[in-house]
Amino acid sequence: MADLYPSIRELIPHDGPMVLLDEMLHCEPGHARCRITIAPGMRFVSDGAVDTIVTLEYMGQAVAASCGYAAFRGGNDIRVGMIIGCRRMDIEVPKLQVGDELLVEVREVRAQEEISVYECEVCRGSEIVASAQLTLFHAEKPPGESDSFP
Amino acid sequence: MTSSMEVGVAGVGLFMPDFPTVADWHARRRSNEPQLPTGSRLDRRARGRSSVLTKALAEAYFEAADAAGVELGEGSAVFGSALGEVGTMLGLLNQMWREREEPSPMAFALSVHNAASGVVSIATKNRGFTTSLGADHDTPAMALMEAIGLIAERGEPVVVVCGEEPTPTALVPDDEAWELAAMAVVLAPLRDDERGSDVRLRGPFKGAPTLAGPELPPMVARNPQVGLLDLICAIEAGKSGILALDRGRGAGWCMEVLFAHG
């Protein structure tokens with residue numbers, strides 16, 4: 001199923017080693033699921049592990065991928081976005097290990113042109129390792145971009 | 001963490017557009033029209049630069065500190081806000097990413113969560129400890145916990161001041177919106193000769209409330225800092241009991257209010 005979607009590098013505005021997600025597995029309006037396998041040498045990995053707080057960035061990139069896919073489908077450029085708030089972040093394990101495969105799931109709670117709010121969850125198998133509600137700011141929409149998710 | 005330490009309450013203060021001072025609140029003397037905080041105790045330069053939130057926090061801080069007889073240049077302060085200077089931050093982001101303008105360095109300096117803490121400590125020439133924290137609807141509880149820790153460590157009064165600017169419409173839905181409010185409580189160590197003082201606090205802890213906050217307009221009751229207003233009201237009411245600091249919207253932190261007369 002994953003090969004239905006473009007490379008994650010085409011969906012998010014990040015570049016180089018800051019692209020942390022591996023692929024998009026599913027995306028529909030207001031909902032996306034992405035996958036990441038923690039690999040040696042990956043940014044934020046130290047001594048074979050990564051602090052679970054870093055899942056905040058995984059969540060942010062999954063939201064970016066969701067918005068990026070909508071732009072991609074509409075033939076538009078992807079937009080820069082920023083995490084401006086994080087509510088109720090629960091971290092269930094202190095560290096994640098190299099080799100862990102994580103699913104990052106994001107669901108839109110509400111969205112406007114400049115601000116959106118997403119419920120986010122990161123799972124390792126059936127175990128939820130982190131969850132949070134993120135508030136994100138979106139940069140100016142490129143001229144002519146449609147609001148609709150095709 | 002549960003604190004069993006008791007502290008005294010030396011003074012309270014508040015700023016709300018309809019009730020600009022704690023005396024107005026206690027008398028339920030509503031302003032003829034909503035007021036904006038002036039930041040009158042800040043110097044002219046700071047006043048001109050400061051946001052409405054910083055000015056409201058400053059008004060509450062000074063009122064409580066005056067009531068407590070705290071020397072403004074001394075002591076510690078804990079500032080709490082869930083969203084902080086979010087209006088300034090959103091303005092900067094719009095400038096940078098939507099209007100493609102150079103952001104204002106001054107606005108940038110005052111967009112941070114500890115802007116009010118910095119402005120007030122500079123205005124009072126206070127080189128003591130000051131900090132800022134945000135914990136959503138648990139901000140009052142966490143600010144009180146921080147203050148009680150400081151009292152245990154330093155043995156000096158701590159001004160706890162929590163506030164929130166009016167909700168930016170882009171960020172919070174209308175049915176969750178709140179209006180500007182800032183509240184302050186000065187906590188002080190209990191000395192042996194003050195064991196029988198009027199009001200003491202113990203906590204915060206997670207428990208079952210026995211005191212209820214007053215009925216408030218929704219735009220006040222939804223403010224994440226309303227727990228500190230409820231504490232001020234509980235002190236005003238003069239009844240001992242356990243008070244929720246989050247109106248059920250946070251993690252359930254409570255404070256025990258203790259009066260010598262029960």
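Just so we're on the same page: letters track the sequence lines, and every chain starts at 1.
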Heavy-atom distances under 4.5 Å only: say whether A:Q112 touches chain B with side chain, backbone, both or neither.
side chain
B:P173 versus chain A, the contacting section by heavy-atom distance below 4.5 Å
both
Classify the ring geometry of B:F79 against B:Y61: parallel below 30°, tilted from 30° to 60°, perpendicular beyond 60°.
parallel
Lys/Arg N to Asp/Glu carboxylate O, A:R88 vs A:E119, below 4.0 Å:
yes
Please determine whether the number of non-hydrogen atoms from other residues, nucleotides or ligands lying under 6.0 Å from atom CG of B:D175 exceeds 12.
yes
Could you look at B:D138 and say if it's the side chain, the backbone, both or neither that has a heavy atom under 4.5 Å from chain A?
neither
Using a cut-off of under 4.5 Å on heavy-atom pairs, state which of A:T135, A:I84, A:V117 scores highest against chain B.
A:I84
Is A:R35 salt-bridged to A:E23, going by a charged N under 4.0 Å from an acidic O?
yes
Bottom line for B:M96: the part with an atom under 4.5 Å from chain A's heavy atoms is neither
In terms of side-chain geometry, is the basic nitrogen of B:R98 or A:E113 positioned less than 4.0 Å from the acidic oxygen of its partner?
yes
